[in-house]
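Report on the following structure.
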Protein chains: 2
Amino acid sequence: MPQPRKQHLIDTAYRLFNEHGYHATGIDLVLAESGVSKATLYKYFRSKEELILAVLQQRHEQQIALIQRTMEQARENAEPPALAIFDALDNWFRSEAFFGCNFINASAEYAQDDDAIHQLAARHKARVQQLIEDNLGALGEDKAPLAAQLSLLVDGAIVYAHTRGDKNAAKLAKKMAARLLVG
Amino acid sequence: MPQPRKQHLIDTAYRLFNEHGYHATGIDLVLAESGVSKATLYKYFRSKEELILAVLQQRHEQQIALIQRTMEQARENAEPPALAIFDALDNWFRSEAFFGCNFINASAEYAQDDDAIHQLAARHKARVQQLIEDNLGALGEDKAPLAAQLSLLVDGAIVYAHTRGDKNAAKLAKKMAARLLVG
DNA sequence: GCCTAGGTGAACAGATCTGTTCATGTCAAG
DNA sequence: CTTGACATGAACAGATCTGTTCACCTAGGC
């Protein structure tokens with residue numbers, strides 16, 4: 001087993017950061033909830049910031065994989081891949097563990113754009129947007145701005161759902177996305 | 001002069017909360033930057049949370065007033081008031097002091113939906129959406145979902161601009177909004 | 001001059017934060 | 001049985017946090 005405790009720390013921290021935010025979640029709480037000792041945490045991570053970055057990095061990879069799977073499945077069903085993202089959002093909003101997007105929330109807490117955490121969030125969003133663009137199919141040469149608009153809709157839906165506690169945000173955004181795709 | 005120090009505390013705290021976030025901004029920093037003593041702060045506010053709520057409440061009133069003014073001016077110029085909001089966003093994104101929306105950021109840091117700060121943010125967003133709905137003009141009976149969609153676009157533009165540092169988000173959102181309004 | 005209201009500055013309490021150190025415990029391989 | 005790798009628990013340092021208290025100062029009204 002490769003580093004089971006490191007992984008357990010990341011998973012526990014991920015949950016707590018979501019529920020209570022990054023600054024509000026102390027290292028001691030992560031340790032208590034995970035049952036790992038403080039010395040072990042600081043063996044795997046040089047600082048709390050490094051733990052945060054590891055959590056976001058893992059979440060980044062999971063999200064990208066989920067989006068790719070969702071789009072692939074949609075293409076098999078002869079549906080527009082870009083629209084399928086909003087169905088995935090809909091599922092997410094209706095799950096118990098929805099406290100907004102990790103990256104948007106991290107951007108909010110680390111608001112300065114030269115902060116490493118803020119920049120990681122920006123890179124994640126750019127990667128998602130690129131993924132959308134790559135899956136637009138044969139839609140003329142204006143793919144880039146269209147992907148940007150769809151990406152903006154994704155962020156809008158997430159924030160709308162979280163701040164207002166309104167789980168219908170994904171459907172709302174999907175209608176707008178569908179309009180964009182018909183040209 | 002009615003309570004000039006109280007106002008000064010709110011203004012200073014507003015700036016610092018924006019730049020560094022709510023948890024990351026300590027009371028002591030607000031005091032140092034404002035030049036007010038700690039005893040005075042705790043005379044006007046029973047706790048840090050109350051100061052945060054006062055900052056958000058003031059920001060709420062200012063935002064509502066700005067949106068109303070923007071829409072009124074647009075109507076005088078025979079432009080769609082709902083679209084004018086995105087021009088106001090564009091100005092905001094290009095100003096120096098743009099660190100995202102106070103209410104979205106506060107929602108992110110106080111992620112639990114039963115938190116007083118989270119709820120104040122939700123009420124603000126609902127009020128803005130109501131304002132949009134009231135200014136849709138003669139657009140059939142489906143004003144409510146249209147206002148919700150425009151509100152989602154506003155949030156999307158703000159988050160897009162802040163996380164990615166892309167100031168063109170307002171124009172991107174405005175194009176989508178214009179599409180929605182033509183019916 | 002005197003009183004009062006409001007503000008300051010500084011000290012203080014008590015909690016909590018990140019990060020370090022180290023003696024002890026455990027367990028598997030040789 | 002011994003060794004080594006790994007983890008624990010607890011104490012510790014030092015900073016920082018919110019919130020309280022109080023002696024002092026200052027300015028305006030009488």
Side-chain angles (χ1 to χ4, degrees), chain A residues 1-57 102 105-106 108-112 115-118 120, chain B residues 1-57 102 105-106 108-112 115-118 120:
Chain A
M1 282 196 288
Q3 300 177 330
R5 274 153 221 276
K6 182 176 182 181
Q7 189 56 49
H8 188 215
L9 282 169
I10 291 177
D11 294 338
T12 306
Y14 164 66
R15 177 172 60 81
L16 293 172
F17 287 154
N18 267 329
E19 291 176 17
H20 306 111
Y22 296 88
H23 285 96
T25 302
I27 287 291
D28 287 344
L29 181 60
V30 177
L31 298 175
E33 295 267 314
S34 64
V36 175
S37 75
K38 193 178 273 202
T40 301
L41 186 150
Y42 279 100
K43 184 188 160 196
Y44 289 121
F45 306 99
R46 259 177 298 181
S47 64
K48 181 184 178 182
E49 183 183 18
E50 216 170 74
L51 173 60
I52 295 173
L53 289 169
V55 166
L56 291 178
Q57 181 61 34
N102 307 99
N105 293 352
E109 287 205 42
Y110 302 88
Q112 306 285 343
D115 190 291
I117 294 173
H118 191 100
L120 181 58
Chain B
M1 280 196 289
Q3 301 177 328
R5 273 154 222 275
K6 182 177 182 180
Q7 189 56 50
H8 189 213
L9 282 169
I10 291 177
D11 293 339
T12 307
Y14 164 66
R15 178 173 59 81
L16 294 172
F17 287 154
N18 267 329
E19 290 178 15
H20 305 111
Y22 295 88
H23 286 95
T25 303
I27 287 292
D28 288 343
L29 181 61
V30 177
L31 298 175
E33 294 268 315
S34 64
V36 175
S37 74
K38 193 178 272 199
T40 302
L41 185 151
Y42 280 101
K43 184 188 160 195
Y44 290 121
F45 307 99
R46 258 178 299 180
S47 64
K48 181 184 177 180
E49 183 183 17
E50 216 170 75
L51 173 61
I52 294 173
L53 288 170
V55 165
L56 291 179
Q57 181 61 34
N102 308 98
N105 293 353
E109 286 205 43
Y110 302 90
Q112 305 285 342
D115 191 291
I117 294 172
H118 191 102
L120 181 59

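For clarity, every value in this text was computed on a predicted model and none was experimentally measured. Residue numbers begin at 1 in each chain, while the letters A, B, ... track the order of the sequences.
If you check every strand for non-hydrogen atoms under 4.0 Å, B/Lys38 touches a base. At a threshold of 4.0 angstrom between heavy atoms, the contacts of B/Phe45 with the nucleic acid are absent.
Atoms NE2 (B/His23) and C1' (D/dC17) sit 12 Å apart, rounded to a whole Å. Distance CG (B/Leu41) to C1' (C/dG6): 15 Å, rounded to an integer number of Å. Remark: C1' of C/dT18 and OH of A/Tyr22 are 19 Å apart, rounded to the nearest angstrom. In this structure, the NZ atom of A/Lys6 is 20 Å from the P atom of D/dA5, given to the nearest Å. Between A/Tyr42 atom OH and C/dG19 atom P the separation is 4 Å, expressed in whole Å. When rounded to the nearest whole Å, the span between CZ of B/Arg46 and C1' of D/dT20 equals 16 Å. Computed from coordinates, the B/Lys48 NZ to C/dT16 P distance equals 15 Å when rounded to whole Å. Between B/Leu31 atom CG and C/dG7 atom C1' there is a gap of 13 Å when expressed in whole angstrom units.
Candidate nucleotides D/dC6, D/dT8, C/dT8 were compared by shortest atom distance to the side chain of A/Thr40, and D/dT8 ranks first. In this structure, of C/dC22, C/dG19, C/dT8, it is C/dT8 that holds the atom nearest to the side chain of B/Ala39. Closest to the side chain of A/Asp28, out of C/dG7, C/dC17, D/dT18, is C/dC17. When the nucleotides C/dG7, D/dG19, D/dG9 are ranked by their closest atom to the side chain of A/Ser37, D/dG9 comes out on top.
The side-chain heavy atoms of A/Glu50 and A/Ser47, taken from C-beta on, include a pair separated by under 4.5 Å. Between B/Asp28 and B/Lys38 there is a side-chain heavy-atom pair separated by less than 4.5 Å. When side chains are defined from C-beta on, A/Phe45 does not count as touching A/Val55, because their heavy atoms never get closer than 4.5 Å. Side-chain contact between A/His118 and A/Glu109 is absent, with no heavy atoms from C-beta onward closer than 4.5 Å.
Look at B/Arg5 and you'll find a side-chain N or O under 4.0 angstrom from OP1 or OP2 of C/dT8. Distances shorter than 4.0 Å separate some side-chain N or O of B/Lys43 from OP1 or OP2 on C/dG7. Side-chain nitrogen and oxygen atoms of B/Tyr44 include at least one within less than 4.0 Å of the OP1 or OP2 phosphate oxygen of C/dG7.
Looking at A/Thr25, its side chain does come within 3.5 Å of a backbone N or O of A/Leu16 through a donor-acceptor pair.
Ring geometry for B/Tyr110 against B/Tyr22 counts as perpendicular: the plane angle is over 60°, on a 0 to 90° scale with 30° as the lower cut.
Shortest non-hydrogen contact noted between A/Leu53 and A/Ala116 is CD2-O, 4.1 Å.
Overall bending of the helix from C/dG1-D/dC30 to C/dG30-D/dC1, expressed as the angle between end axes built from five pairs apiece, is 10° (10° steps).
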